[in-house]
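So that the names make sense, note that chain A is the first sequence line, chain B the second, and so on, each numbered from 1. We use all heavy atoms of the structure for the numbers below, so side chains are in, but hydrogens, waters and symmetry mates are not.
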Amino acid sequence: MGNSPIAAPARVCEFYSGGAWIEGRAVDQLNEVAGWPGMGAVAGFPDLHPGRHGPVGGAFLADRIYPQLIGPDIGCGMALYRLDLPRRKLKLDKAARRLEVLEDGTAAEEARAALAGTEAELLGPQGLGTLGGGNHFCELQVVQEVADTAPGLAPGDLCLLVHTGSRGHGAGVFTGIEDSWKAGFLPGSEAADSYAALHGAAQAWARINRALLAQAASEALRCSAELICDAPHNHLEARPDGWLHRKGAAAPDRRLAPLAGSRESLSYLMAVPEGPAEALGSVSHGAGRRYDRAAMHGRIRRVKSELEAMRQTRFGGRVICAARDLLIEEAGSAYKDAGAVLRDLEGFGLAREAASLAPLITFKTSKGGR
DNA sequence: ATGTCC
């Protein structure tokens, strides 16, 4: 019999108010993960919702690497750009058509050049400059209100919010090691070193992917794009006190992070202060799911009028999503209210609103399908 | 999440 004590579960800090829409199953998952071996601290944010291997909308500090807490889309994140395109020059129909170039991906030569000399080079150019599916999008937005903390943004400015990740590459890293990761990878092990290297490559690849998509979109719209921030939310960070896992929780970039809304709620740019240590240097990345994909098919009738209604937003914007299943799964009603998420974050001193942004064109896919 | 399990 060993004399090592049974480890107590990690402390769980929940950064949401009593009024927040949080499924019990997501909180159960948060507490389950807190009991995993080597877990040191757990933080849950107001966009928390259930996920496949653990909750989405949380940060987890452990003495080892748990790849399932990052999931397949390693390096996924959101980058916000300011466009030097005057609002009055924008014609929505024309712009929506022009954004169809986002289906093309980056040409092979350009893709190789973009990867050359970076950590991402070993993964190769396949899929670079493509958005992918699920909750990914490239959205043209117009700035509504700004606080004095907003970096160079004024009401009426056009912005681009790009949400995508490492496409097939992160998924390949993850599924390639499935079954071996359940107990986590201890530091110094070959598995940990190998994962950390591939993770780093996928994260770099995802960042380049967002930059190339923004470049393609701004070229198509005949303007230039200036990066405001690029905040990843599915990744691993080596810290002095352990491995920090973020799953649907943003790592602010230059003290800023986008908070994605939906077709029914505004998006925000958040100013992110140092905040309490218990928040693990993390903040929400979006509104968070209210209903899972399967549930949405039971909630929305698959009729022309309903589908057409989802192709427009309450802000006068339009949604380019020719795939009907995806349109239903990603309806605004599938998500919580991003404004409520932001108010919770503000209440805990985790963020302040720097700007609000209304969707004009949400580009998901112009290719049809179910 | 995924050049995706029929």
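Residue pairs satisfying the salt bridge (Lys or Arg N to Asp or Glu O under 4.0 Å) criterion with at least one member in residues 58-74 of chain A, sequence neighbours excluded, are absent. For the salt bridge (Lys or Arg N to Asp or Glu O under 4.0 Å) condition, the pairs that include at least one residue of residues 79-108 of chain A, sequence neighbours left out, are A:Arg82-A:Asp157, A:Asp93-A:Arg318.
The environment of A:Arg239 atom CZ is dense: over 12 non-hydrogen atoms of other residues, nucleotides or ligands sit within 6.0 angstrom.
For A:Arg167 and B:dT2, the shortest distance from a side-chain N or O to OP1 or OP2 is below 4.0 Å. For B:dA1, neither phosphate oxygen OP1 nor OP2 lies less than 4.0 angstrom from any side-chain nitrogen or oxygen of A:Arg289.
As rounded to whole Å, 7 Å separates atom P of B:dA1 from atom NZ of A:Lys247. A:Leu131 has its CG atom 13 Å from the C1' atom of B:dA1, to the nearest Å. Distance, A:Leu326 CG to B:dT4 C1': 14 Å, rounded to whole Å. With rounding to whole Å, A:Arg370 atom CZ is found 17 Å from B:dC5 atom P. Rounded to an integer number of Å, the gap from A:Asp325 CG to B:dC6 C1' is 15 Å. If you measure from atom NE2 of A:His53 to atom P of B:dT2, you get 15 Å, rounded to the nearest angstrom. Atom NZ in A:Lys367 sits about 16 Å away from atom C1' in B:dT4, given to the nearest Å. Whole-Å rounding puts the A:Glu330 CD to B:dA1 P distance at 7 Å.
Across all strands, A:Arg52 comes closer than 4.0 Å to no nucleic acid atom at all (heavy-atom distances). Residue contacts shown for A:Gly165 are absent, as no nucleic acid heavy atom lies under 4.0 Å away. Among the heavy atoms of the strands, none lies under 4.0 Å from A:Gly172. Within the nucleic acid shown, A:Asn135 comes within 4.0 Å of sugar-phosphate atoms alone, with no base atom in reach, counting heavy atoms only. When heavy atoms are screened at a 4.0 angstrom cut-off, A:Gly133 is found touching the sugar-phosphate backbone but no base atom. Residue A:Gly71 is classed as having no contact, given no heavy-atom separation below 4.0 Å to the nucleic acid.
When each of A:Trp243, A:Tyr66, A:Tyr195 is paired with A:Phe185, the side-chain contact (heavy atoms from CB on, under 4.5 Å) condition holds for A:Tyr195 and for no other.
Note on ring orientation: taking the six-membered ring where Trp is involved, the planes of A:Phe15 and A:Phe348 are perpendicular (angle over 60°, cut-offs 30° and 60°).
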